[in-house]
Number of protein chains: 2
Amino acid sequence: MPPAARPARVDAVRNRAALLAAAEAEFAERGTDASIAGIAQRAGVAKGTVFRHFATKDDLVAAVASDRFAQLEAVARRLAESPDPGAALREFTSATAEVLQQQGLTFLRAASECSPVVAGSRDRLLASADVLVERARRDGIVRADVTGADVLLLTCATVHTAAAGPGPAPDLWRRYLTIVVDGLRPESASPLPVPAPQQP
Amino acid sequence: MPPAARPARVDAVRNRAALLAAAEAEFAERGTDASIAGIAQRAGVAKGTVFRHFATKDDLVAAVASDRFAQLEAVARRLAESPDPGAALREFTSATAEVLQQQGLTFLRAASECSPVVAGSRDRLLASADVLVERARRDGIVRADVTGADVLLLTCATVHTAAAGPGPAPDLWRRYLTIVVDGLRPESASPLPVPAPQQP
DNA sequence: GCCGAAGATGACCGACTGGTCAACTTGCTA
DNA sequence: TAGCAAGTTGACCAGTCGGTCATCTTCGGC
């Protein structure tokens with residue numbers, strides 16, 4: 001085992017944090033089309049500094065996206081201890097929708113498609129979602145043929161509808177999440193024509 | 001009123017049609033990021049020719065997107081005469097999903113956001129969707145507080161979920177469209193927390 | 001077959017991108 | 001406080017993009 005690396009300099013730590021915050025904001029506003037130059041400017045740093053901290057643009061995208069998935073996974077783990085499985089599932093989908101809404105759905109999807117690190121974070125989130133769905137099913141809240149991946153994808157869907165609407169409709173997703181959750185109920189459920197996906 | 005313009009030359013007509021077909025395919029594959037050069041090559045034409053027929057890239061995007069919305073509006077008008085309003089609504093959502101899936105959801109959204117012509121086509125489609133929803137509601141198939149814009153947005157949503165899934169899952173949207181339509185039923189409907197949008 | 005006009009062409013332009021690097025500055029350790 | 005590794009900088013590079021335009025080709029009326 002090599003000796004512990006010298007700790008990072010304080011200015012490097014500060015710049016790295018500023019870069020992550022700036023990247024988060026720029027990616028949220030403009031998706032993966034956000035330019036490195038713009039992120040650097042927002043962080044108050046030269047462009048070369050970005051590449052010192054993140055070898056490629058993809059690495060920066062992955063860092064931001066992984067943080068988001070990890071944040072949601074923590075929420076799911078906490079809710080898995082909740083005494084009311086139905087409320088826990090609703091709260092989880094709302095929290096997920098809020099993060100997706102804030103960070104940008106297509107950004108997170110693109111990130112998990114081109115980075116195995118992000119895909120890993122996403123899969124851990126999926127596993128936590130499965131736990132919540134299974135608990136809700138045992139409670140009679142959701143139909144038998146629905147999985148965690150289904151719920152995550154449908155939550156993404158409701159956020160997308162809000163983003164697709166005209167002008168700012170920041171919480172239109174609440175309307176559609178309500179309809180979707182109603183559609184998950186076991187009463188009056190139509191048989192589903194296509195099998196559930198393995199991953200969201 | 002000026003005298004009728006001389007009819008277009010046959011080669012111009014042929015090239016315009018080839019360009020529209022090529023643009024449709026390229027936009028479907030790569031969204032608005034598709035390059036003019038790629039579209040020109042696919043159409044077997046030089047780049048300058050593209051700009052002779054469409055002054056800007058946006059004009060080309062608008063032409064392709066408008067065609068799609070008009071195609072869906074025609075479907076809706078036909079279904080408005082159908083004797084079974086519930087089946088008509090289901091068929092309309094399926095047809096819409098298929099077009100969105102084929103042409104690319106984000107492409108169509110981007111197109112209608114930056115071109116008033118496309119927005120007009122989209123609004124005509126919305127009006128036709130409203131007719132279908134109203135008929136279904138009178139038949140007791142959908143809850144009272146749902147509009148045509150809701151149904152269109154939710155249909156977009158199910159397509160988005162399929163696109164967000166891993167690998168090719170070309171008809172996963174059928175699974176989620178079933179869940180969503182179940183969620184539209186009047187029985188066991190939870191009150192909706194946010195008003196419906198004016199446009200989809 | 002001739003000829004004018006409409007159309008097609010592709011080299012070219014400027015703007016912008018992600019990424020590199022040699023020169024310079026700064027924080028930390030001894 | 002001296003010295004050096006770590007960190008920062010911005011000019012620069014190659015590539016791509018949408019868009020222009022002088023030049024050439026082709027259609028179609030006579």
Side-chain angles (χ1 to χ4, degrees), chain A residues 2-27 29-65 106-107 110-111 113-115 118, chain B residues 2-24 26-27 29-65 106-107 110-111 113-115:
Chain A
R6 172 185 298 202
R9 268 163 46 172
V10 292
D11 57 343
V13 171
R14 176 176 13 97
N15 282 341
R16 187 187 174 90
L19 273 173
L20 278 172
E24 191 181 308
E26 288 281 316
F27 286 143
E29 285 175 14
R30 313 173 26 170
T32 45
D33 284 345
S35 73
I36 295 287
I39 291 168
Q41 188 182 13
R42 188 166 195 146
V45 135
K47 200 172 63 163
T49 303
V50 181
F51 289 100
R52 162 152 213 98
H53 289 276
F54 305 93
T56 69
K57 185 183 184 181
D58 278 352
D59 287 351
L60 180 53
V61 166
V64 171
T106 41
F107 166 76
E113 265 171 12
C114 69
S115 159
V118 182
Chain B
R6 171 183 299 204
R9 269 166 43 173
V10 291
D11 56 342
V13 171
R14 177 177 10 100
N15 282 341
R16 187 187 174 90
L19 273 173
L20 278 172
E24 191 181 306
E26 288 280 316
F27 286 143
E29 285 174 14
R30 311 171 30 168
T32 45
D33 285 345
S35 73
I36 295 287
I39 290 168
Q41 189 181 12
R42 188 166 194 146
V45 137
K47 199 172 64 162
T49 303
V50 180
F51 289 99
R52 164 161 284 273
H53 289 275
F54 304 94
T56 67
K57 185 182 182 179
D58 278 353
D59 286 351
L60 181 52
V61 166
V64 170
T106 42
F107 165 77
E113 265 171 13
C114 68
S115 159

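Note on naming: letters A, B, ... go to the chains in the order of the sequence lines (proteins, then strands), and numbering restarts at 1 for each one.
- Between Val61(A) and Ala111(A), the closest heavy-atom pair is CG1-CB, 3.5 Å.
- Considering only the side chain of Thr56(B), dG19(D) comes nearest among dG19(D), dG7(D), dG18(C).
- Of the candidate nucleotides dG28(D), dT9(D), dA8(C), dA8(C) has the atom lying nearest to any side-chain atom of His53(B).
- Contact between Ala22(B) and Ile39(B) at its shortest, heavy atoms only, is CB-O, 3.6 Å.
- Distance, Asp11(A) CG to dA6(D) C1': 8 Å, rounded to whole Å.
- Between the C1' atom of dT8(D) and the CZ atom of Arg14(A) lies a distance of 11 Å, rounded to the nearest Å.
- Remark: C1' of dG7(C) and CG of Leu19(B) are 12 Å apart, rounded to the nearest angstrom.
- Within 4.0 Å of Ala40(A), counting heavy atoms only, lies no atom of the nucleic acid at all.
- The side chain of Lys47(A) contributes no N or O atom lying less than 4.0 Å from OP1 or OP2 of dG10(D).
- Lys57(B) places a side-chain N or O within donor-acceptor distance of the main-chain N or O of Ala34(B), the cut-off being under 3.5 Å.
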Practice task
Applying side chain to side chain contact (heavy atoms under 4.5 Å, CB included), run through Phe54(B) and Leu20(B) and close with a yes or a no.
Solution key: CA-CA 10 Å; Phe54(B) 304 94; Leu20(B) 278 172; 3.9 Å; yes

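- dG19(C) atom C1' lies 9 Å from atom CD1 of Ile36(A), rounded to whole Å.
- For the pair Phe51(B) CZ and dG10(C) P, the interatomic distance rounds to 15 Å; values are reported in whole Å.
- Across the protein-nucleic acid pair, Gln41(A) atom CD and dT17(C) atom P stand 11 Å apart, rounded to whole Å.
- Of all nucleotides listed (dT20(C), dA6(C), dG27(C)), dA6(C) comes nearest to the side chain of Arg52(B).
- Between Asn15(B) and the phosphate of dA8(C), there is a side-chain N or O to OP1/OP2 separation shorter than 4.0 Å.
- Using a 4.0 Å heavy-atom criterion, one finds that Thr49(B) contacts the bases of the nucleic acid, with or without backbone contacts as well.
- Residue whose closest nucleotide on DNA chain D sits further toward the 5' end, between Gly48(B) and Asp33(B): Asp33(B).
- Arg16(A) has its CZ atom 16 Å from the P atom of dA6(D), to the nearest Å.
- Rounded to whole Å, atom P of dG18(D) lies 14 Å from atom CG of Asp59(B).
- Remark: Arg52(B) CZ to Asn15(B) CG distance equals 11.0 Å, nearest 0.5 Å.
- Along DNA chain D, the nucleotide nearest Arg9(B) and the nucleotide nearest Lys57(B) are compared for position; the residue whose nucleotide lies closer to the 5' end is Lys57(B).
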